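Below: one structure, written as structure tokens.
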Amino acid sequence: MPLNMITVVIASYRYGHLAAHCIESLLAQTIPPTRILFVDDGGLECGHLPSLYPDIEYVLRPKNLGIVDNFQDILSRISTEYVLFIGADNWLRSDAIELLSNTSTDIVTYDIVVTGELKEEILDRVPGETVPYHGDLYWDRQEQHHGSMMYRTALGQKIGYKKRYKDGVHPQEDWNLWDKMLEQGASVASIKEGLLFYRRHRENFLKYSHEISQPNQLEVSCTFEE
């Protein structure tokens, strides 16, 4: 069976000091993703990365669009069958793309290993949902949403990232995307492995510190090819 075509979008905002680890976790995959696109949404501290890792693509915005507009713009640029967004402060296990490449459902979820200096914050955020795991915390996401789920691009583009829940309980734009994809009849598979290392750290943001929408702003884009 042919392998899925997958784009991985690395999203950064004030994560420039951690981003190299995320990039290298993707370059070191047993089967590489079809495309790696790094996006700095106005954090202005990722300018050193293109010279270090010229074999991936970059969008370096001079000003912050905010997570909704940033993700929506980037999603519109994806043409592979599947897409996966990952925060630049996190990383994937080295066989993650290989495992994801052999799936065929509209959405693929997998478990999370919560790590980092402030990992125990997750105990208050999702009480009772994690268990100790080799010094970190294992978060079972069997058939459940998370921001780095892989999904079929065309279905995601049909719904988009432009809406968020406003009830204060689950405001994430990717949660809205998940629910709307399920309403469209999306099929879901779960890989029972901790493939995402989710780092809790001093600069961690569950959402951006401010949301602005300036769609006409100039951006700096650079694509490097081997």
Side-chain angles (χ1 to χ4, degrees), residues 8-15 17-19 21-22 25-26 41 43 66-68 70-71 83-97 99-100 103 105-151 156 159-184 186-211:
V8 176
V9 176
I10 304 174
S12 183
Y13 175 70
R14 293 175 57 179
Y15 294 158
H17 60 300
L18 300 171
H21 188 184
C22 181
S25 80
L26 293 169
D41 190 23
I67 194 168
V68 171
N70 181 42
F71 278 25
V83 63
L84 182 157
F85 281 70
I86 182 173
D89 52 338
N90 304 324
W91 68 96
L92 291 180
R93 205 173 78 180
S94 294
D95 61 345
I97 298 299
L99 294 174
L100 290 166
T103 57
T105 54
D106 296 318
I107 307 172
V108 186
T109 68
Y110 45 91
D111 295 343
I112 297 172
V113 178
V114 184
T115 187
E117 177 190 11
L118 303 179
K119 59 179 174 287
E120 292 186 358
E121 290 180 343
I122 204 73
L123 299 176
D124 293 326
R125 180 181 166 202
V126 290
E129 294 190 23
T130 62
V131 296
Y133 180 76
H134 301 303
D136 290 315
L137 296 166
Y138 194 95
W139 193 4
D140 186 336
R141 303 303 294 164
Q142 187 80 5
E143 297 185 0
Q144 298 183 68
H145 146 276
H146 64 73
S148 291
M149 60 188 170
M150 187 181 79
Y151 58 87
I159 298 164
Y161 280 104
K162 292 294 288 182
K163 293 184 178 179
R164 303 177 108 176
Y165 286 113
K166 298 181 180 180
D167 58 10
V169 178
H170 44 23
Q172 296 96 327
E173 62 292 321
D174 46 71
W175 201 319
N176 179 74
L177 176 64
W178 160 265
D179 281 351
K180 297 302 181 185
M181 287 193 293
L182 293 185
E183 289 178 11
Q184 295 283 331
S187 56
V188 180
S190 292
I191 297 174
K192 191 59 182 165
E193 300 276 356
L195 301 183
L196 174 70
F197 286 81
Y198 172 50
R199 191 197 317 249
R200 298 296 299 168
H201 56 94
R202 300 182 192 191
E203 289 293 318
N204 186 273
F205 293 91
L206 295 179
K207 58 179 181 294
Y208 290 168
S209 58
H210 60 285
E211 298 281 27

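All figures in this text were calculated on a predicted structure; none of them were measured in a lab.
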Working to the nearest 0.5 Å, report the span between [atom1] of [X] and [atom2] of [Y].
{"X": "D89", "Y": "I10", "atom1": "CG", "atom2": "CD1", "answer": "11.0 Å"}
{"X": "C22", "Y": "N90", "atom1": "SG", "atom2": "CG", "answer": "7.0 Å"}
{"X": "K119", "Y": "F197", "atom1": "NZ", "atom2": "CZ", "answer": "12.5 Å"}
{"X": "I112", "Y": "I122", "atom1": "CD1", "atom2": "CD1", "answer": "8.0 Å"}
{"X": "D111", "Y": "Q144", "atom1": "CG", "atom2": "CD", "answer": "9.0 Å"}
{"X": "T130", "Y": "E120", "atom1": "OG1", "atom2": "CD", "answer": "9.5 Å"}

Within a strict 4.5 Å, meaning less than it, do heavy atoms of the [X] and [Y] side chains meet?
{"X": "I67", "Y": "D41", "value": "no"}
{"X": "I107", "Y": "L182", "value": "yes"}
{"X": "D95", "Y": "E193", "value": "no"}
{"X": "W91", "Y": "T115", "value": "yes"}
{"X": "L99", "Y": "R93", "value": "yes"}
{"X": "N70", "Y": "Y13", "value": "no"}
{"X": "T109", "Y": "I191", "value": "no"}
{"X": "V188", "Y": "W178", "value": "yes"}

Can you name the nearest heavy-atom pair linking [X] to [Y], along with the distance?
{"X": "Y15", "Y": "A11", "value": "CD1-O, 4.3 Å"}
{"X": "R141", "Y": "S190", "value": "O-OG, 4.2 Å"}
{"X": "R202", "Y": "L118", "value": "N-CD1, 3.9 Å"}
{"X": "G160", "Y": "L177", "value": "O-CD1, 3.8 Å"}
{"X": "Y198", "Y": "R125", "value": "OH-NH1, 3.2 Å"}

* Asked: Run the side chain to side chain contact (heavy atoms under 4.5 Å, CB included) check on D106 and Y151 step by step: do they pass?
  -> CA-CA 6 Å; D106 296 318; Y151 58 87; over 6 Å; no

Is a donor on one side and an acceptor on the other found under 3.5 Å between the side chain of [X] and the backbone of [Y]?
{"X": "Y133", "Y": "V113", "answer": "no"}
{"X": "S187", "Y": "T105", "answer": "no"}
{"X": "H146", "Y": "Y110", "answer": "yes"}

* Listed by chain and number, what are the ring pair (Phe, Tyr, Trp, His ring centres under 6.0 Å) partners of F85, not counting sequence neighbours? ->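 For F85 the ring pair (Phe, Tyr, Trp, His ring centres under 6.0 Å) partners, ignoring immediate neighbours, are F71, Y161.
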
* To do: Check ring pair (Phe, Tyr, Trp, His ring centres under 6.0 Å) between H17 and all other residues, then give those that pass, not counting sequence neighbours.
  =>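 Partners of H17 under the ring pair (Phe, Tyr, Trp, His ring centres under 6.0 Å) test: none.
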
* Please determine if D140 and K192 form a salt bridge, counting it only when a charged side-chain N lies under 4.0 Å from a carboxylate O. =>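 Judged by the 4.0 Å cut-off on N to carboxylate O distance, D140 and K192 do form a salt bridge.
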
